[in-house]
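The next block holds one structure in the form of structure tokens; read it before the comments.
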Amino acid sequence: MQSQTFQLDFDEKLNIVNFSNAFGKVCPELTVNAPFSELFKLVAPQLPLSTQIIKMFNGQLITLCPISSPSFVFGGAFYEVDGNYCFIGYPQLTNMGQLSKMNLALNDFVHHDPINFYIGTLQLKESMYQEMIQLNDELKASAKHLEKLVEQRTQELLHAEKMASLGVLAAGVAHEINNPIGFLLSNLNTLKSYMDDIAPLLTKLNNLPDKEKEQLDTLTNIAVNWDNIDFICEDIGPLIDQSIDGSKRVSKTVAGLKSFAHPSDSKQEVMSIQQAIDLTLSLLNNELRHNVTLHYERENDVYINGNLTELSQVFINLVMNATQAVEKDGVISIKTEELENSVKIYIADNGCGISSDNLPKLFQPFFTTKEVGSGTGLGLAISHGIIENHNGSISVESKEGVGTTFTIELPLADSEAIAES
């Protein structure tokens, strides 16, 4: 007759002769005469079930589990009674919710054995302690991850705020500079046309005989330095040309500032990202063909909501930067990767790379690693603004002497929008 809630009786051949109702609920495969060793296995110690093992650990604490349900572990002991054997145990629970999984309720625990209950309580305490240690480790790891995430998001917000402030500043500066630069360029071009008319006259006068030059000095009451006339005629043209070139550079910078301040007033529509890459490569075909080796395998079209002109401008900036970073016979690779909800575009080169000190400044307006006069430092800042306006992101990884990889991620267009287009 059973006296314990979880009790199994088996004979000297280890065939089950009886079992408690609670054990029958947990292990529905239990039947009389079923081989005990085929339904259960020892967890601790990890030894095969046999009569010798049961006798060896008679009365000692062991753990076992049903082979069909290895997560239901029982702690208890084997006992030898009149040539037969029994197992009396207690389930190791980490929470009360496990009772329902084991088809048990509290009223199944009709028998109360203080020693067995004490052993079960110790087992439960140890299991919960181990679970708490694991949970604590997971919480620490999550806390570190959240701290890192907060720091990253804080930096992104600071950068976004800085970019917004610079955008307002850029719009004001562009407006203030644009008009005077327009006047300056117009006046310089007019001055050049005037000098084109006057220079032949000065040359003719300078070629007059000395006697006639003296008569002109007397007539005009001006002591002309005739020795400088030729030099002035030769030098004034290049001076005006250099002034015009400088003004055009300022005008180009102002245009860049306006684009940075308002990077995307253009309409966005469903388009293939490969279309923007194809346009970029066609425009830069001559530059790429003579200076670098391009690796680009066109994948199937991936559709986004975007502006072809603006995205092409981004790709042109990145590819041109890559061509300037590589040595002769350098390699540039372009790759697209379609994800579940977005597409990534990788533009990589094996050029000189960017120092770790300069990486955080790369998307700031007017920051450039090029020589003075070789760039405005607005290309990447404008590209950053365009990608953000497309609800995307742009990042860079670089190592000096190895190369640089820019990664752009853009959200995919809705399937309905693609179908309508």
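Basis for what follows: all heavy atoms, side chains included, without hydrogens, waters or symmetry-related copies.
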Taking every heavy atom of D301 against every heavy atom of S272, the minimum-distance pair comes out as OD1-OG, 3.0 Å
Check: I67 and E38 side chains under 4.5 Å, non-hydrogen atoms = no
Notebook entry, point to check: Does any non-hydrogen side-chain atom of L359 lie less than 4.5 Å from one of S398?
Noted result: yes
Scanning both residues in full, the closest heavy-atom pair of N305 with H390 reads O-CD2, 3.6 Å
Exercise. Has the side chain of S342 got a donor or acceptor atom that lies under 3.5 Å from a matching backbone atom of L339?
Worked result: no
Applying side chain to side chain contact (heavy atoms under 4.5 Å, CB included) to S243 and not counting sequence neighbours gives L188
Closest heavy-atom pair, I354 versus N358, reported as atoms and distance to 0.1 Å, is CG2-CB, 3.8 Å
Other residues, nucleotides, ligands: >12 heavy atoms within 6.0 Å of E29 CD: yes
Residue set satisfying side chain to side chain contact (heavy atoms under 4.5 Å, CB included) with L279, at least two apart, ordered chain then number -> S282, L283, L308, S312
Does V17 reach the side chain of N84, with side-chain heavy atoms less than 4.5 Å apart? no
Notebook entry, point to check: Going through the checks in order, is the side chain to side chain contact (heavy atoms under 4.5 Å, CB included) test met by K55 and E80?
Noted result: CA-CA 7 Å; K55 287 183 177 181; E80 186 175 1; 4.0 Å; yes
L318 and I394 have their tightest heavy-atom pair at CD1-CD1, 4.3 Å
To the nearest 0.5 Å, atom CG of D9 lies from atom SG of C86 at 5.5 Å
Between F72 and C65, is there a side-chain heavy-atom distance shorter than 4.5 Å?
no
| said: One pair to check against side chain to side chain contact (heavy atoms under 4.5 Å, CB included): Y79 and Y85. What are the steps and the verdict? | reply: CA-CA 6 Å; Y79 300 96; Y85 307 94; over 6 Å; no
In this structure, OG1 of T336 is separated from CD1 of I408 (nearest 0.5 Å) by 12.0 Å
Review point. For M320, does its backbone N or O pair with a side-chain atom of T323 as donor and acceptor, under 3.5 Å?
Key: yes
Practice item. Check step by step if side chain to side chain contact (heavy atoms under 4.5 Å, CB included) holds for L412 and N341. Key: CA-CA 6 Å; L412 297 177; N341 299 310; 5.6 Å; no
> Does the side chain to side chain donor-acceptor pair (under 3.5 Å) test come out yes or no for Q60 and N58, once each step is laid out?
Replying inline: CA-CA 6 Å; Q60 298 184 38; N58 183 42; over 6 Å; no
* Asked: Would a 4.5 Å heavy-atom cut-off, applied to side chains only, mark V396 and T405 as touching?
  -> no
Practice problem: I would like to know whether I16 and N33 meet side chain to side chain contact (heavy atoms under 4.5 Å, CB included); could you show each step before the answer? | Solution: CA-CA 5 Å; I16 296 172; N33 295 326; over 6 Å; no
Between L14 and T51, is any pair of side-chain heavy atoms under 4.5 Å apart? yes
May I ask you to decide if V326's main-chain N or O and D349's side chain share a donor-acceptor pair within less than 3.5 Å?
-> no
Is the distance between the ring centroids of F406 and Y346 under 6.0 Å?
no
Exercise. Do the ring planes of F10 and F36 sit parallel (below 30°), tilted (30 to 60°) or perpendicular (above 60°)?
Worked result: parallel
_I'd like to check V402 versus N350 (side-chain heavy atoms, cut-off strictly below 4.5 Å). Are they in contact?_
no
Point to revise | Flag side-chain contact, heavy atom, 4.5 Å: T407 against K344 | key: yes
Distance col, row N321:CG vs I316:CD1, nearest 0.5 angstrom, shows 12.0 Å
To the nearest 0.5 Å, atom CD of Q242 lies from atom CD1 of I240 at 11.0 Å
One should read off an interatomic distance between I304 CD1 and D414 CG, to the nearest 0.5 angstrom, of 13.0 Å
key: Sub-6.0 Å ring centroid separation between F78 and F57   = no
Under 3.5 Å, side-chain donor or acceptor atoms of residues 139-147 against the rest of the protein: list the pairs with distances, not counting sequence neighbours.
| from | atom 1 | to | atom 2 | distance (Å) |
| --- | --- | --- | --- | --- |
| S142 | OG | E138 | O | 2.9 |

Quiz prompt | N/O donor-acceptor pair under 3.5 Å between E337 side chain and I345 backbone | solution = no
Heavy-atom closest pair (P35 atom, N15 atom, distance to 0.1 Å) is CA-OD1, 3.8 Å
**Message:** Tell me whether E297 at atom CD has more than 12 heavy atoms from other residues, nucleotides or ligands lying less than 6.0 Å away.
**Reply:** no
Take a 6.0 Å sphere around CG of N300 and say whether it holds more than 12 heavy atoms from other residues, nucleotides or ligands.
no
Rounded to the nearest 0.5 angstrom, the CG-OG1 distance for N187 and T190 is 6.0 Å
For F40 together with F87, are the ring centres under 6.0 Å from each other? no
Note: A276 and F315 closest approach over all heavy atoms is CB-CE1, 3.6 Å
